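To start, the structure itself, in structure tokens.
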Amino acid sequence: MSGPTHGPEGPATRAAALIARRMAAAPPAPRPAGLDEAMLERLLRAFYAEARRDRLLGPLFAGVTDWEAHIARLRDFWSSVALMSGRYHGQPMAAHAAMELRPEHFAQWLALFGQTAEAVCGPAAAAYLMERAHRIARSLELGMAVHRGELPRVAHRAAASTLEIPSP
């Protein structure tokens, strides 16, 4: 039988298609000067050092045993997202599916990532990266909610998660 993530016309497939259409409709902002592989490396190392110490986010990383490999994978991901390098060939949804991520995790991740990006990269690069981070968070949050069989309501909050998941 088709579940929420199976079948050509399942809810997860339709949600993913909607997100892809919305992302394609917005013209990409030009990449800020100075945003390069070295800056991404500094950002990721600083951010994940903070995230690992964070009360809410830290426990999510307890299972990471090889931080150098993890940072390399994240660097490939962000290089593909921000620099259009095409190096990342993974599946972010699958990588996060086993985690019990809730709206508060996404909100905290975005807040901490934004603070770190501003400190490491400066305002222009931070804004560029945050625009992408918000899209990624929306996509993951929606996909995970649909996978759990929940129907999220869109909320418009600047510094918080972009979806509200109804409580059971």
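Nothing here was measured: the structure is a model prediction, and the numbers come from that model.
Take Arg45 and apply the salt bridge (Lys or Arg N to Asp or Glu O under 4.0 Å) test, not counting sequence neighbours, and it matches Glu41, Glu68. Contacts of Arg87 classified as salt bridge (Lys or Arg N to Asp or Glu O under 4.0 Å), with partners at least two apart in sequence or in another chain: Glu37, Asp76. Scored by the side-chain hydrogen bond (donor to acceptor under 3.5 Å, both in side chains) test, Ser80 finds no partners at all (sequence neighbours excluded). Residues passing the side-chain contact (heavy atoms from CB on, under 4.5 Å) test with Ala38 are Asp36, Arg42, sequence neighbours excluded. Judged as a ring pair (Phe, Tyr, Trp, His ring centres under 6.0 Å), and not counting sequence neighbours, the contacts of Phe61 are Tyr48, Trp67. Glu100 pairs by the salt bridge (Lys or Arg N to Asp or Glu O under 4.0 Å) definition with nothing, not counting sequence neighbours. In terms of the salt bridge (Lys or Arg N to Asp or Glu O under 4.0 Å) criterion, Glu118 has no residue partners (sequence neighbours excluded).
Leu60 places a side-chain heavy atom less than 4.5 Å from the side chain of Leu101. With a 4.5 Å cut-off on side-chain heavy atoms, Tyr88 and Val81 do not count as touching. With a 4.5 Å cut-off on side-chain heavy atoms, Leu40 and Leu74 do not count as touching.
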Let me have the donor-acceptor pairs involving side chains of residues 105-117, under 3.5 Å, with sequence neighbours excluded, atom names and distances please.
from   : atom 1 : to     : atom 2 : distance (Å)
His105 : ND1    : Arg102 : N      : 2.9
Gln108 : NE2    : Asp54  : OD1    : 2.7
Thr116 : OG1    : Leu112 : O      : 2.8

Could you pull out every donor-acceptor pair under 3.5 Å between side chains of residues 89-97 and any protein atom, sequence neighbours left out?
from  : atom 1 : to    : atom 2 : distance (Å)
His89 : NE2    : Gly86 : O      : 3.1
His96 : ND1    : Pro92 : O      : 2.7

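Using a 4.0 Å cut-off between charged side-chain N and carboxylate O, Glu50 and Arg53 make a salt bridge.
Distance check, rounded to the nearest 0.5 Å: OG of Ser85 to CZ of Phe77 gives 11.0 Å. From Arg135, atom CZ reaches atom CG of Leu140 across 14.0 Å, with rounding to the nearest 0.5 Å. Atom CG in Leu57 sits 10.0 Å away from atom CD in Glu104 (nearest 0.5 Å).
The minimum heavy-atom distance linking Ile71 with Leu44 is given by the pair CD1-O, 4.0 Å.
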>> Using side-chain contact (heavy atoms from CB on, under 4.5 Å), reason through Leu43 and Trp78 one step at a time and then give a plain yes or no.
In response: CA-CA 10 Å; Leu43 169 62; Trp78 279 99; over 6 Å; no
